[in-house]
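For reference, the structure discussed in these notes is given below.
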Amino acid sequence: MAGAPILFPRGREVVLGVSAGIAAYKSCDVLRRLQDHGFLVTVVPTESSLNFVGKATWQALSGRNVATSVWENSSDVSHVALADKADLILIAPATADLISRLAQGRADDLLTTTVLASNAPVLIVPAMHPNMWLNSATAQNVQLLRQRGMTVLEPDTGRLTGKDSGIGRFPETARIISEVLQITNSDAKLLNTKVLVTAGGTREPIDPVRYIGNRSSGRQGLAVAYEALRSGAEVTVIAGDTDYFELEGARVIKVETAAEMLDAVVQEFPLNQALVMAAAVADAKPTQGSVEKIKKDELQQIELTLNSDILAQAGKMKKAGQIVVGFAAETGLNSLELAKEKLNRKNADFLYVNNVANGAIFGSQDTSGYLLSSDGGQEAFEAVDKHDVAKAIIKRIGTRLERVNG
Ligand code: CTP
């Protein structure tokens with residue numbers, strides 16, 4: 001590992017506030033669906049909501065610590081840190097009492113304090129008895145919150161707890177999720193899709209201390225994995241040598257050599273709908289790796305053997321309905337022609353070719369190149385962030401999968 005740690009763009013962190021309505025149990029499903037869409041969720045329940053759904057449930061579902069008061073776990077759950085981290089605060093269900101406290105700008109528990117301390121968009125999903133919703137006190141509070149820029153959904157109309165019915169029902173999860181996607185600018189294009197991404201360089205051992213490697217940081221592959229998660233895909237990353245990263249929500253398989261990467265791809269690719277081969281696989285390895293450290297006077301020559309081409313192998317394994325994306329690192333003037341030929345030879349659906357002359361692109365956050373498509377399309381990128389290329393790749397995978405799956 002080398003270089004600065006890889007940081008990912010914002011946009012995945014949701015604070016899910018839960019107040020004391022019977023609909024709190026429905027929020028368990030909202031949390032799950034948020035995770036399906038690639039969001040990372042911290043639940044902040046009000047103390048009295050724990051009468052409906054307990055802390056253990058929220059902790060188990062979110063995989064994160066849960067607190068209701070600013071005084072709990074104060075070392076790791078600071079309201080300011082939570083407020084800063086949030087890309088969206090979703091309050092579901094919001095009771096009349098919580099709406100009233102928010103309207104007054106109170107800060108008497110962790111949830112209201114976090115809302116007050118945050119600049120993130122706030123989406124409020126009310127659920128209460130029709131009389132409480134229609135009460136002019138609530139109506140004025142809702143109006144005030146809307147004037148302050150918060151989004152307050154209209155509750156559904158229908159049967160409520162007990163014999164009553166009317167306006168005040170907790171909306172269907174799908175309506176809440178679609179509102180969240182709109183506010184966070186997410187597209188859910190790869191929902192229920194499994195995507196396999198290789199990232200980083202391989203290391204081919206010469207002896208116990210030396211290896212043949214390359215300058216890949218893994219940034220491009222990890223950007224693709226991140227954008228796939230943001231589009232709702234289930235993501236597996238096969239990571240070779242990369243800069244340090246943490247990518248919550250992705251399954252990561254660590255490998256070292258090209259042979260290990262090949263084994264992992266052969267095993268995992270059939271379980272996925274798309275493979276993005278962003279790894280910089282070493283083209284060759286020492287024919288005979290030595291178990292003993294080689295003395296320097298025996299180092300003048302190292303005999304090499306070519307590694308298998310993993311992308312080409314995946315191209316051969318590819319079944320109908322699967323998409324393969326390759327990369328090419330070229331330095332010459334005719335790099336576009338070479339890349340088109342590479343795309344066809346390796347049976348890829350898309351190939352991103354970047355110009356790596358003079359060490360450009362490797363280890364950097366920027367890239368310039370072309371995204372080529374097997375149907376002849378080509379899109380140019382000039383000094384863009386690797387996430388822009390990643391987004392374009394994810395978009396194309398989504399569109400192509402839609403087409404092949406009807
Ligand atoms: N690749 C691979 N297995 C290898 C070598 C490369 O899967 N043994 C993949 C890379 O992950 C990338 C693509 O092939 O997606 C292009 O790699 P590149 O090194 O640019 O091209 P090569 O096919 O190795 O051709 P050449 O070195 O002759 O340009």
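Atoms within a ligand are numbered from 1 in the order they appear, just like the ligands themselves.
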| request: For the pair Asp309 and Lys346, find out whether any cationic side-chain nitrogen is under 4.0 Å from an anionic carboxylate oxygen. | output: yes
| query | How many angstroms lie between atom CE of Met128 and atom CD1 of Ile22, to the nearest 0.5 angstrom? | reply | 15.0 Å
| Any heavy atom of Lys346 sitting closer than 4.0 Å to ligand 1? | yes
| Would you call Ala314 a ligand 1 contact, heavy-atom distance under 4.0 Å? | no
| Any nitrogen or oxygen of Ala328, main chain or side chain, under 3.5 Å from a nitrogen or oxygen of ligand 1? | no
| field | Sub-4.0 Å protein heavy atom near atom 28 (O) of ligand 1 | value | no
| task | Report the C-alpha separation of Arg64 and Thr42 in whole Å, then their side-chain angles, then the decisive distance to 0.1 Å, and conclude whether the side chain to side chain donor-acceptor pair (under 3.5 Å) test is met. | result | CA-CA 6 Å; Arg64 289 181 168 186; Thr42 306; 2.8 Å; yes
| request: State whether the shortest distance between N or O atoms of Met277 and N or O atoms of ligand 1 falls below 3.5 angstrom. | output: yes
| message | Would you compute the distance between atom CD of Glu260 and atom CZ of Arg203 and round it to the nearest 0.5 angstrom? | response | 12.0 Å
| Does Val281 reach ligand 1 with a nitrogen or oxygen that is under 3.5 Å from one of the ligand's nitrogen or oxygen atoms? | no
| Would you say Asn307 has any N or O atom under 3.5 Å from an N or O of ligand 1, going by distance alone? | no
| query | Can we say Asp187 and Lys395 salt-bridge, meaning some charged N sits less than 4.0 Å from an Asp/Glu carboxylate O? | reply | no
| field | Nitrogen or oxygen of Ala279 less than 3.5 angstrom from that of ligand 1 | value | yes
| Polar proximity ligand 1 side, Ala278 side, N/O cut 3.5 Å exclusive | no
| Arg12 side chain to Tyr226 main-chain N or O, any donor-acceptor pair under 3.5 Å? | no
| note | If you compare Ala258, Ala199, Ser308 by their heavy atoms, the one closest to atom 8 (N) of ligand 1 turns out to be Ser308
| message | Met150 and side chain to side chain contact (heavy atoms under 4.5 Å, CB included): which single residue from Leu123, Val115, Ile99 fits? | response | Val115
